[in-house]
Visitor: 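Can you keep this structure in mind? I'll have questions shortly.
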2 protein chains.
Amino acid sequence: MPLDNPFYSAEQQGPYELISIGRFELEDGGVIPDLQLAVATYGELNGAKDNVILIPTWFSGSHATWWQVYIGEGRALDPTKYFIVVVNQIGNGLSTSPHTTDDPSIAMSKFPHVRIGDDVRAQEILLRQHWGVEKLALVVGGSMGAQQTWEWAVRFPEKVERAAPIAGTAQVTPHDFLYVQTLMDAMTSDPGWAGGDYTSNTEVADGLRRHADIWAIMGLTTDFWKSGFWKTIPPVVEGHGWETFEEFQQNFTRLLFGLMDPNALLTMGWKWQRGDVARLADGDLAAALRRVTAKVFVMPIEQDMLFPPQDCVPEADLTPGAEVRMLHSIAGHFGLFGFEQSYLDEVDAALTELLATPN
Amino acid sequence: MPLDNPFYSAEQQGPYELISIGRFELEDGGVIPDLQLAVATYGELNGAKDNVILIPTWFSGSHATWWQVYIGEGRALDPTKYFIVVVNQIGNGLSTSPHTTDDPSIAMSKFPHVRIGDDVRAQEILLRQHWGVEKLALVVGGSMGAQQTWEWAVRFPEKVERAAPIAGTAQVTPHDFLYVQTLMDAMTSDPGWAGGDYTSNTEVADGLRRHADIWAIMGLTTDFWKSGFWKTIPPVVEGHGWETFEEFQQNFTRLLFGLMDPNALLTMGWKWQRGDVARLADGDLAAALRRVTAKVFVMPIEQDMLFPPQDCVPEADLTPGAEVRMLHSIAGHFGLFGFEQSYLDEVDAALTELLATPN
């Protein structure tokens, strides 16, 4: 029986539609008997079906941040011009996930391993079968969304005209693999996790708190904490603001991650650790990236400690015609939340330029 | 009864002497009835008693790394010229520590809170009472050793001629406070920790492993892991080498930190979180640093994620006459281990220059 978790609802995340693509066989050998993708769309598909922008989602995220801070009339991601499709990644708590399925063969601890490539294949089926879309004007995503963006560009080069991986890599680094492992261990070491068969995410509150606290270090930056920038961020939940950095940690990172489902986070974590387009070319990253025909803007965030420029720029160098557009945020990786207008302006400028580039 | 832990022995760490400075009252209100400092000396005190170099130790460290890679004839820290005194910090497993004391009033979970200022006061007493030393040619330390170095320069300006804080700050940052908290939570969340009253560190093996894994992310760098630099590091324990980065994690960081005592690490962690010379000037960091009369070289490591240049350089700017000497290591904060000759050459060049500067 699915667990009740109000965080994963249209009230909390914004409207979306569940679209089934049926039985789905996974790369790692598992099967999702009825894969339902949680899809949010903005704008209208035109007759030529050539105005589609696809946005895959990041770890712990959903379509929410995209409509809240990135999509809007007059912006680069303009729903009056484009048909924007945000597909929640498999296992994120909205698309078919360990705690949401009523299929006992894959519920909770039985949920199979999902890879970045599975998400991308599922999205390709969705777009083709549901809307007859064969061509994407742009794929753009941040973090794990960037992993999926890269996978799209390498796996389906003929379908991707432009790609913008933001704060993410085509090939996971050892550093990220180890980082994500600490996140996962923080949760699975909580006795309340019970091997994945807890009956409420609140039973894993301690593990979720430790998980959030590791994010607070690596997801943000020393300048973010020291400068007091966090004072400018509005409360996530009304009445739960902050005067001190400890209170910000309590009422932002701990509160937010504490609402989430541990098995959903673990499904995404396992997937993040193995995102690697080189799998499509016998382990040869350069060969994989040479397949890309999309016009690519690689967009790292300068202070990002998870996907720092030194991990992203070399991938741009291996990709034909790719260019780097550096982003800047005092929040580092969490700059993705769009706390700063200056960061959002940089994203908009780069995506506007990219969308205006013929390919 | 003290716990038996062979890691904290002269065989493992190199020869040292236990020197009692008697009853010691701590800033935070606790008392160590008989404070024994583990002291290693290299070279001879001259008649003028003006050739003394003091080295306080870092988190989880001892005098070991200093004699192994930093001290030597013809080096900056030359025992044929200087009387070099390495004092193990209180609670580090060699100086009086939770698991080493036979005094039940302070053993294990009863060990009192110790601050950076306590260490510095204890070192000042040791030097004065034991050797009649009133003047230090140089205080140099890395990480928490840098915290103590700064504390010396602010608390006893008339006694410190030169100071070289390496990869550490005068005032702990919120980011470091939160980082250290994750280290501590990794251990205290292990049921085997038992509120601090375990009977062997092996009962806290899971917690120590999680603690080590967080170090592996923040103590090192993405370039360290990605480049395979770790392949050049010799095994810590013979027969426990590594072919993959996962094996390096297992046989270096996990193995090393796994030998340590959780309460010792927790004592140091609490201390690290509160290192702040501004406490000596009513919370005014600038006023505290203005008291410094030592010639100071501030020496951050460029890729350090714990004490990055952006945290260290502003403190140099607040200190009269201080200069920055940037160090470079692919290992980031763990560059302190001295894996690279190029890094050691940089340290030697800076300290040689500093020691040659009249003050």
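Naming convention: chains lettered A, B, ... in sequence-line order (proteins, then strands); numbering from 1 in each chain.
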Visitor: Considering heavy atoms only, which positions within residues 196-210 of chain B lie below 4.5 Å of chain A?
Guide: Arg209(B), Arg210(B)

Visitor: Measuring from atom OG1 of Thr222(B) to atom CG of Asp176(A), what distance do you get when rounded to the nearest 0.5 angstrom?
Guide: 6.5 Å

Visitor: Excluding sequence neighbours, so at least two apart, what forms side-chain contact (heavy atoms from CB on, under 4.5 Å) with Leu266(B)?
Guide: Met184(B), Met187(B), Thr188(B), Trp193(B), Asn263(B)

Visitor: Quick one: pull up CD1 in Ile217(A) and OG1 in Thr182(B) and give me the separation to the nearest 0.5 Å.
Guide: 3.5 Å

Visitor: Between Phe224(B) and chain A, with a heavy-atom cut-off of 4.5 Å, which part of the residue counts as in contact: side chain, backbone, both or neither?
Guide: neither

Visitor: Report which part of Gln181(B) has an atom under 4.5 Å of a heavy atom belonging to chain A: side chain, backbone, both, or neither.
Guide: neither

Visitor: Measure the spacing between NZ of Lys226(B) and NE2 of His175(A) and express it to the nearest 0.5 Å.
Guide: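 One gets 11.0 Å once the value is rounded to the nearest 0.5 Å.
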
Visitor: Measuring from Ile214(B):CD1 to Ile214(A):CD1, what's the distance to the nearest 0.5 Å?
Guide: 4.0 Å

Visitor: Please identify, among Asp223(A), Leu306(A), Thr173(A), the residue contributing the most non-hydrogen atom pairs under 4.5 Å to chain B.
Guide: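 Of the candidates given, the most pairs with chain B belong to Asp223(A).
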
Visitor: With only heavy atoms counted, which part of Gln303(B) is less than 4.5 Å from chain A, the side chain, the backbone, both or neither?
Guide: side chain

Visitor: If I measure from the heavy atoms of chain A, does Phe245(B) come under 4.5 Å with its side chain, its backbone, both, or neither?
Guide: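 Side chain only.
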
Visitor: First locate atom CH2 of Trp225(B), then atom CG of Leu178(A), and finally report the distance between them rounded to the nearest 0.5 Å.
Guide: 5.0 Å

